[in-house]
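After the structure tokens below, expect a handful of questions from me.
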Number of protein chains: 2
Amino acid sequence: MSKKSASAGADTETRATSEHAPDLRLWLRTLACTNLIENHIRARLRAEFGITLPRFDLMAQLERSPQGLKMGELSKRMMVTGGNVTGITDQLVAEGLVVREDSPKDRRAYIVKLTPEGRRSFRKMAEAHESWIVELYAGMDEKQRNQLYELLAAVKTSASTAAAKKK
Amino acid sequence: MSKKSASAGADTETRATSEHAPDLRLWLRTLACTNLIENHIRARLRAEFGITLPRFDLMAQLERSPQGLKMGELSKRMMVTGGNVTGITDQLVAEGLVVREDSPKDRRAYIVKLTPEGRRSFRKMAEAHESWIVELYAGMDEKQRNQLYELLAAVKTSASTAAAKKK
DNA sequence: TTTTGATATTTTAGGCATGGATATATCATT
DNA sequence: AATGATATATCCATGCCTAAAATATCAAAA
């Protein structure tokens with residue numbers, strides 16, 4: 001455990017480092033939190049269920065949409081590229097956890113759905129997964145969590161807006 | 001069906017879900033925000049400087065530690081595995097942006113440092129990078145950003161503590 | 001000294017992720 | 001119908017990332 005001394009700005013040569021815009025520090029802290037939680041969840045899903053996080057995430061999307069989802073829809077919701085979804089889906093199909101059905105409306109598209117086994121398997125994992133998340137936030141009180149939830153909505157709005165402008 | 005919860009009137013669906021869903025939603029929103037920003041930054045670093053985000057991140061760590069860092073230290077700070085750092089470092093060495101120096105104290109270890117060109121190159125990119133981050137948070141006022149910054153400290157503490165317990 | 005255990009890094013194999021290119025299907029106009 | 005633009009998904013090359021095993025060094029005990 002490296003104790004990153006918070007006051008590393010004691011350097012005489014502070015240049016850009018301690019001049020870091022508060023926004024940058026905010027972003028780096030956000031990233032650190034996400035990595036911390038994500039790495040923990042990833043390791044545990046692997047250790048306890050032998051599944052990868054991306055596969056779990058894809059199944060989670062399907063469980064929320066029992067009518068199934070098109071590949072492109074999965075791509076949007078998971079915020080990853082289409083080619084990526086193709087690969088993860090291939091794996092899950094090979095494991096018998098999801099199926100690709102031809103879309104009756106659009107012959108370009110597939111509808112991806114959980115198989116009964118996929119649904120069963122996912123529900124078991126999801127229960128554990130959720131309890132891990134609860135554990136990870138257990139050190140915060142409800143007010144803090146609600147505040148955080150609201151602030152993140154503001155981040156989402158702000159970042160989406162700014163990103164759209166630059167496109 | 002398992003009655004591990006004392007909650008009466010549980011529906012047929014997972015009772016844990018309806019009980020603890022707020023934490024899960026909080027986590028998913030955090031993840032969405034991070035991906036949104038990270039994908040934007042990644043694409044822009046590539047488009048404007050032809051560099052990948054992991055390479056930029058590694059250089060950023062070195063710029064903050066002019067005395068250089070050991071591979072393992074980089075791994076810890078970047079929150080990625082050692083093997084990963086090996087690969088990224090190899091690439092940066094090939095591009096002439098960093099060097100591996102033998103540690104005088106420990107013949108197992110390397111000290112990785114930015115080359116003068118690496119430092120020059122990084123500073124230029126870092127300036128742009130920082131301005132992009134500022135843009136992305138521009139839709140939030142300072143009070144919100146400060147609140148968020150503090151709340152994330154609480155997340156970090158909470159998650160670290162919980163993760164440590166399970167190890 | 002030799003053994004033992006911990007530490008530092010690389011290597012390997014497999015899977016995830018992007019961006020770009022391709023193939024095919026659909027839609028909106030002619 | 002024919003045209004061209006758009007949408008859907010896949011394939012490819014490259015690079016990131018992890019976990020586990022391999023290699024080498026260090027430090028301290030037996």
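Residue numbers start from 1 in every chain, and the chains themselves are labelled A, B, ... in the order their sequence lines are given, proteins ahead of strands. Please read all numbers here as calculations on a predicted model, not as lab measurements.
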How many whole angstroms separate atom CZ of A:R107 from atom C1' of D:dT6?
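In whole Å, D:dT6 C1' lies 17 Å from A:R107 CZ.
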
Ring centres of A:F56 and A:F49 under 6.0 Å apart?
no

May I ask you to say whether A:R123 pairs ionically with A:E127, meaning some side-chain N is under 4.0 Å from a carboxylate O?
no

If Ile, Leu, Val, Met, Phe, Trp and Tyr residues are connected whenever their side-chain heavy atoms lie under 4.5 Å apart, and connections chain through other members, are B:M125 and B:V98 in the same group?
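In one cluster with B:M125: B:V98, yes.
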
Consider only side-chain heavy atoms of I, L, V, M, F, W and Y, link residues closer than 4.5 Å, and tell whether A:M79 and A:I37 are in one cluster.
no

Let me know, please, whether B:K105 or A:V85 comes out on the 5' side of the other along DNA chain D by nearest nucleotide.
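Mapping each residue to its closest nucleotide by heavy atoms, the 5'-most match is A:V85.
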
Check against salt bridge (Lys or Arg N to Asp or Glu O under 4.0 Å), B:E63 and B:K113
CA-CA 8 Å; B:E63 211 257 353; B:K113 289 182 183 172; over 6 Å; no

Looking at the side chain of A:N39, which of D:dA19, C:dA17, D:dT18 is the nearest nucleotide?
D:dT18

Transitive ILVMFWY side-chain link A:M59 to A:V99, under 4.5 Å
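A:M59 does not cluster with A:V99.
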
Below 4.0 angstrom, N of the basic side chain to O of the carboxylate: do A:R29 and B:E150 qualify?
no

Rounding to an integer number of Å, can you tell me how far A:Q91 CD sits from C:dA17 P?
12 Å

Take the protein atom CG of A:D90 and the nucleotide atom P of C:dG14, then report the distance between them rounded to whole Å.
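Value for this atom pair: 17 Å.
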
Take atom CZ of B:R100 and atom C1' of C:dA8, then tell me their distance rounded to the nearest Å.
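Distance, rounded to whole Å: 12 Å.
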
C:dC16 OP1/OP2 closer than 4.0 Å to side-chain N/O of A:N84
no

Cluster question for you: counting only ILVMFWY and a side-chain heavy-atom cut-off of under 4.5 Å, with indirect links fine, are B:L136 and B:L36 together?
no

Length of the CZ-P vector between B:R46 and C:dA17, whole Å
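These atoms are roughly 17 Å apart.
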
Within residues 52-60 of chain A: residues closer than 4.0 Å to DNA chain C (heavy atoms)
A:T52, A:P54, A:R55

What is the distance from atom CG of A:L74 to atom CG of A:L58, rounded to the nearest 0.5 Å?
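If I round to the nearest 0.5 Å, the distance is 5.0 Å.
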
Between atom CG in B:D106 and atom P in D:dT25, what is the gap in whole Å?
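Atom CG in B:D106 sits about 10 Å away from atom P in D:dT25.
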
Between atom CG in A:D102 and atom C1' in D:dA9, what is the gap in whole Å?
12 Å

Integer-rounded Å distance: D:dC16 P and A:R42 CZ:
16 Å

Residues within residues 73-82 of chain A bordering DNA chain D, heavy-atom distance below 4.0 Å
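Here the set is A:G82.
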
Near A:E142 CD, under 6.0 Å, is it more than 12 heavy atoms from other residues, nucleotides or ligands?
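Open.
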
Taking the side chain as every heavy atom from C-beta outward, state whether A:R55 and A:T52 have any atom pair closer than 4.5 Å.
yes

Should A:K70 be listed as having a side-chain N or O under 4.0 Å from OP1 or OP2 of D:dT8?
yes

What residues in residues 108-115 of chain A put a non-hydrogen atom under 4.0 Å from any atom of DNA chain D?
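Contacting residues: A:R108, A:A109, A:Y110.
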
Do you reckon B:V80 sits in the same ILVMFWY cluster as B:I41, going by side-chain contacts under 4.5 Å, direct or chained?
yes

Once you apply a heavy-atom cut-off of 4.0 Å, does A:G83 come out as touching a base, just sugar-phosphate, or nothing?
base

